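These numbers come from a predicted model, not from an experiment.
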Amino acid sequence: LGVAIYQARVAKIEAARADEVKRFIGTIFKDAVPRAGAGGEVLAKDLLLSAEQRIERELSGNPRVAAELGVIVAESFAFLGVPDMGEKALRAALGRAEAEFGPAHMITIRAKVQLAGIMKHREPQVADGLFDEVIRVGDQLLPTSAELIADAWSEKGFMASKTVTPESAFPMMQRAVEYAEKHLGSHHKATIFYIGLLANTYGVHGKLDEQLKHAKDAYERAQTAFGGQRPHNMLTAAERFYGSALRRLDRPVDSIPHFERALADQRQLDT
């Protein structure tokens with residue numbers, strides 16, 4: 001009975017947090033103010049910068065909601081291709097998440113993955129340590145954390161490929177594939193993407209036969225999963241992975257149809 005009461009209380013708290021997050025996100029758009037001199041436009045960056053300021057101004061007394069929203073803001077900056085713009089919000093969110101939820105919580109892990117992604121070029125050792133924490137702690141939250149753990153292994157592989165011993169990158173990136181396959185499925189878009197990244201890494205380091213093998217695998221899985229959904233961003237990526245592998249092996253005639261399909265799909269996705 002005590003456990004049931006505790007679980008009900010936790011569920012109620014989590015539901016209240018989720019409702020507050022949804023409400024706040026809704027007001028971001030509702031309260032948006034068009035930029036002066038920009039044709040009345042409201043840019044996505046403007047919305048996120050406004051949200052970051054409002055989190056600090058309005059939610060300082062609600063650190064759990066502030067933590068989750070801070071991570072969402074940082075992730076959104078990353079999706080726009082400007083992850084550094086979210087670093088301030090992310091660091092604040094990570095501090096709140098660790099204090100409120102502890103290290104073994106999805107919000108904390110999401111924040112660490114995002115921060116490590118920002119730090120990997122500037123301070124690779126710090127980033128590597130953060131990815132290690134994600135892998136270690138994330139194992140407690142499987143299968144929910146599988147994609148974040150896979151991402152951590154893939155990023156570690158990316159960093160390793162830039163060192164004097166690039167061969168160490170391959171088993172790391174293979175671990176990303178294994179986590180995704182086991183916990184997300186053999187034809188999940190993340191699994192296919194990590195296989196493609198593994199293929200590209202082999203190619204960068206001159207292992208062209210391995211590149212082709214894995215790129216073909218990614219392409220065939222994408223065809224099975226998304227072939228009837230054109231245009232689909234994962235199928236477009238798989239076409240590029242496979243086309244690049246064929247081109248590097250001096251098979252330009254075979255590669256051209258893949259690049260043409262990828263280009264046609266991308267044009268549709270961008271409209």
Inter- and intrachain pairs under ring pair (Phe, Tyr, Trp, His ring centres under 6.0 Å), touching residues 44-80, at least two apart: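 Every candidate ring pair (Phe, Tyr, Trp, His ring centres under 6.0 Å) pair involving residues 44-80 fails, so no pair, neighbours aside, qualifies.
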Would you indicate whether the side-chain heavy atoms of [Y] and [X] approach each other to under 4.5 Å?
X	Y	answer
Ser186	Arg221	yes
Leu48	Leu80	yes
Tyr219	Ile192	no
Tyr194	Met173	no
Arg267	Leu263	yes
Ser161	His205	yes
Glu68	Phe101	no
Ile72	Arg110	yes

Nearest-0.5 Å distance, [atom1] of residue [X] to [atom2] of residue [Y]:
X	Y	atom1	atom2	result
Arg247	Ile256	CZ	CD1	11.5 Å
Ile135	Leu148	CD1	CG	11.0 Å
Ser244	His258	OG	NE2	10.5 Å
Leu235	Gln229	CG	CD	9.0 Å
Gln211	Leu246	CD	CG	9.0 Å
Ser168	Met159	OG	CE	10.5 Å

Between [X] and [Y], is there a shared hydrophobic cluster once you connect ILVMFWY residues whose side-chain heavy atoms come closer than 4.5 Å?
X	Y	answer
Phe131	Val126	no
Met106	Val134	yes
Met234	Leu269	no
Val204	Leu198	no
Ile107	Ile109	no

Counting only N and O atoms by type, is there a donor-acceptor contact under 3.5 Å from the side chain of [X] to the main-chain atoms of [Y]?
X	Y	value
Thr236	Ala262	no
Thr201	Leu197	yes
Ser145	Gly138	yes
Ser255	Pro252	yes

Under-4.0 Å salt bridge between [X] and [Y]:
X	Y	answer
Lys213	Asp217	no
Arg240	Glu260	no
Arg96	Glu100	no
Arg122	Glu87	yes
Glu239	Arg230	yes
Glu133	Arg136	no
Lys112	Glu98	yes
Asp132	Lys156	yes

Ignoring hydrogens, what is the shortest heavy-atom contact between [X] and [Y]? Give both atom names and the distance.
X	Y	answer
Asp265	Pro231	O-CB, 3.7 Å
Ala238	Ala222	CB-CB, 3.6 Å
His214	Ile195	O-CG2, 3.2 Å
Val177	Thr191	O-CG2, 4.5 Å
Ile55	Gly70	CD1-N, 3.8 Å
Pro103	Val137	O-CG1, 3.3 Å

I would like to know whether Val113 and Glu155 meet side chain to side chain contact (heavy atoms under 4.5 Å, CB included); could you show each step before the answer? CA-CA 9 Å; Val113 167; Glu155 290 282 20; over 6 Å; no
Should we count NZ of Lys120 as having more than 12 external heavy atoms under 6.0 Å?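 Yes - once you tally the heavy atoms of other residues, nucleotides and ligands closer than 6.0 Å, there are more than 12.
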Run Asp254 and Tyr242 through side-chain hydrogen bond (donor to acceptor under 3.5 Å, both in side chains) and show every step you take. CA-CA 10 Å; Asp254 294 331; Tyr242 194 27; over 6 Å; no
Please identify each residue that fulfils ring-ring contact (aromatic ring centres under 6.0 Å, His included) with Phe158, with sequence neighbours left out.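 With neighbours one apart ignored, the set is empty.
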Evaluate Leu142 against Ile149 for side chain to side chain contact (heavy atoms under 4.5 Å, CB included), listing each step before the verdict. CA-CA 9 Å; Leu142 288 168; Ile149 295 175; 3.8 Å; yes
Anything under 30° is parallel, anything over 60° is perpendicular, the rest tilted; go ahead and classify His232 against Phe226.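 Rings of His232 and Phe226: parallel, under 30°.
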Is there a ring-ring contact (aromatic ring centres under 6.0 Å, His included) between Tyr202 and Phe170 once you walk through the steps? CA-CA 8 Å; Tyr202 275 121; Phe170 306 135; 4.3 Å; yes
